[in-house]
Structure formats: C-alpha cells, structure tokens
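Notes follow the structure.
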2 protein chains.
Amino acid sequence: MKKSLADKIEQYLKVLIERSENNEIEIQRAELAETFACVPSQITYVIGTRFNETVGYYTESRRGGKGFVRITRIDDAQVRAGISRKDFFDFIDQLLERQLVTENESRLLKYLAVNGFREIPSELQNQLFSKLKCCLEDFVQLP
Amino acid sequence: MKKSLADKIEQYLKVLIERSENNEIEIQRAELAETFACVPSQITYVIGTRFNETVGYYTESRRGGKGFVRITRIDDAQVRAGISRKDFFDFIDQLLERQLVTENESRLLKYLAVNGFREIPSELQNQLFSKLKCCLEDFVQLP
DNA sequence: AAACAAAAGGTCAAAGAAGGTCAAGGAGTG
DNA sequence: CACTCCTTGACCTTCTTTGACCTTTTGTTT
C-alpha cells in the first residue's frame, strides 16, 4: 500500500504528539501545509479524519492573527474525568440550535458555568459539567 | 502557542491582577499602549474580549485628565460559607416573582441544582449554591 | 462663570491574518 | 468498473490590528 500524503501528515503529527509532554501539540495550519507543500485544507482533512473524537483526540483552534490548531490525545483518565467547559458550551450551543433552550437560557447557563464554578478544582469542574450535561439532556426532554 | 499581541497584553494584565491584593488593578490606557507599542484601542479590544463579565471580570473607567481603566476580578471569597439548597430555591422563587427569570428557567435551575450536584460533598454544594446565587444576581441585571 | 484647551478613554469600521467548509475532480483498490 | 478515500481550490467566518473620529473630564484663561 502506498502512503498517501494524508498518511504522512498523520504520522508526522503523531510523532510530534508522542514527543510532547502532556499529549498535546499546537500547529499553524498554513505553516504545516507549507512544510508538506499542500493546500491548507489538506491539513484540515487529516485532522478531521485522523484526529477526531471517535479516535481519541480532540481539537481546538483559533482563527485570525496568530491562530492555531491544538490537538490533544485524550487518555482514559481524562475521559473518566468528565468533559471540558468547551465541550459543555458546545453542547449548549447544540441545544440552542435545536431550539431546546432559548437564547436567554443558553446565556444564563454559560454565565453560570463560567462564573459559578470558579476556584473549584478542575477535575471536579469537569465532572460537574459532565453531570450538568446529562441533566440538561434529561430536562429538555421532559414533558 | 504563538502569542498574538492581544494574548501578551492579556497575560501581562493577568499577572498584575494576580500580584495585586484585592484582585483589582488600575491602568492608563495610553501608557499601556505605549509599553506594548500599539494603538490605544488595542487595549480596549483586549479588555473587551478578555476581561468582560462573562469571563469573570468587570471594568470601570474614566476619561479626561487623570483618567483610568480599572479591572476587577470578581471575587468569591465571601461566598465560601455557602447557603442551603432551600435558600437557593427561595432565591429562585423570588427571581420568578419579580419576573427576572421565566417559569421555565426557574424549573431548569432547580432541576440542575437537585440532579446536577448529586454526589458532591455538601459543604461544597452549599458553596456552589451561594456562588450561583451571586452569579444569578449579576446575570439578571445584565443589559 | 463662561469659554476654550488639553488630556484622557470610547467607538466603529476597514484591512489583514488566520483557520473552516464544501463540492468537484483524481487516484487507488477490490 | 465501482467505490472509497484523497487532493485541490474557491469562498466563508472569525479574530486581530489599526486609525480616524467622538465624548468626557479636568485645567486654564478671560
């Protein structure tokens, strides 16, 4: 089997993650594309297919000046530890899109999540987010 | 992560706040802009995006001679004592009466308070209730 | 006191700098 | 050949940076 460009990029990133402390790397999409002499969206493709949640990674990114893509490999310990605030926010956004909560409710929930849980150890915070997510799931389906 | 100018200014301000007693700093916008060799509105931008209420800060300022920008990190030390779930529920009922939250929002909040905080040590639970109460107080008065 | 001048900070929109999406076409593989 | 996966590029969205112009406060002059 011949290695595709996507395969090479995948391997390259995995090596970087392997070498990293903390299972996490940050790249510039455009820069990496330059390295492999391909279009930037190729990088997006690799990340989307080889580093998504169902394969045990999760990614964040920021656009604009000095943007980045962060890839984190999640180990079991982290999985047990619950979900991040970002996940929680994403979940709320989904509820909003599906019109299961109102605009105001979503703002309220986010506001509380940010300000109400400050100074709580972060593992506990993540457990809370995780539980709240479950509760919300239940709540929005109540009669 | 390659830090953007906004990131650097953010970090700088956070260090200042960290070092301050009382979680509060006062800066001169123009002076800080000079320090970072940027336009003053850049400072406004950083403050608006990184130190707003939804992230747990609030700011005041004054124009004209002897002007300033004051950034305060919302402190929750007073909250440690905590309040009971009953108090929290009563509080929500008050909000409902004053029509500051909707019927559905109040049910949502109570639902989460009961089901989301199971299996959490009760002192911590009370702290959470207390914090949430404060946050709610703030939230319902936002513009 | 009124009028002006100077010294802050605020607003807003445009330009720039990333990353994201999506669909069409190409390359491998059974 | 058919199917799936890969590659590319045009176009979109988000975040940052900059600058021109505005408003508020204080200080100075008449």
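Residue numbering restarts at 1 for every chain, and letters A, B, ... go by the order of the sequence lines.
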Self-check item: chain B contact limits on DNA chain C, taken 5' to 3' with a cut-off of 4.0 angstrom to heavy atoms
Solution: C/dA7 to C/dT11
Quiz item: Okay, side chain of A/Ser41, backbone of A/Thr44: is any donor-acceptor separation there less than 3.5 Å?
Solution: no
Practice problem: Check for a donor-acceptor pair, side chain of A/Asn52 on one end and backbone N or O of A/Val55 on the other, with a separation under 3.5 Å. | Solution: yes
Exercise. May I ask you to say what A/Arg62 touches in the nucleic acid, namely base, sugar-phosphate or nothing, with a heavy-atom cut-off under 4.0 Å?
Key: sugar-phosphate
Exercise. Answer with base, sugar-phosphate or nothing: what part of the nucleic acid does A/Gly67 contact at a heavy-atom distance below 4.0 Å?
Key: sugar-phosphate
Quiz item: Looking at residues 9-20 of chain A, who's got a heavy atom less than 4.0 Å off DNA chain D?
Solution: none
Quiz item: By side-chain hydrogen bond (donor to acceptor under 3.5 Å, both in side chains), which residues pair with B/Lys8, not counting sequence neighbours?
Solution: none
Quiz prompt | side-chain contact (heavy atoms from CB on, under 4.5 Å) partners of A/Asp7, counting only residues at least two apart | solution = A/Met1, A/Lys3, A/Ser4, A/Glu10, A/Arg50
Self-check item: Pairing residues for A/Thr59 by the side-chain contact (heavy atoms from CB on, under 4.5 Å) criterion, not counting sequence neighbours
Solution: A/Ile47, A/Ile71
Quiz item: Does the separation of the ring centres of A/Phe129 and A/Phe117 fall below 6.0 angstrom?
Solution: yes
Self-check item: Contact state string [nucleotides 3-13 of chain D, B base, S sugar-phosphate only, - no protein heavy atom under 4.0 Å]
Solution: --SBBBB---B
Practice problem: Under the salt bridge (charged side-chain N to carboxylate O under 4.0 Å, His left out) rule, what do A/Lys110 and A/Asp93 come out as? Steps first, then yes or no, please. | Solution: CA-CA 10 Å; A/Lys110 288 182 180 181; A/Asp93 287 337; 2.8 Å; yes
Quiz item: Should B/Lys2 and A/Glu31 count as an ion pair when the cut-off is N to O under 4.0 Å?
Solution: yes
Exercise. Using the salt bridge (charged side-chain N to carboxylate O under 4.0 Å, His left out) rule, pick out the option among B/Glu53, B/Glu18, B/Glu21 that qualifies with B/Arg73.
Key: B/Glu18
Quiz prompt | Test log, rule ring pair (Phe, Tyr, Trp, His ring centres under 6.0 Å), inputs A/Tyr58 and A/Phe51 | solution = CA-CA 7 Å; A/Tyr58 95 99; A/Phe51 295 90; over 10 Å; no
Practice problem: Measure from CD on A/Glu60 to P on D/dT14 and round the result to the nearest Å. | Solution: 18 Å
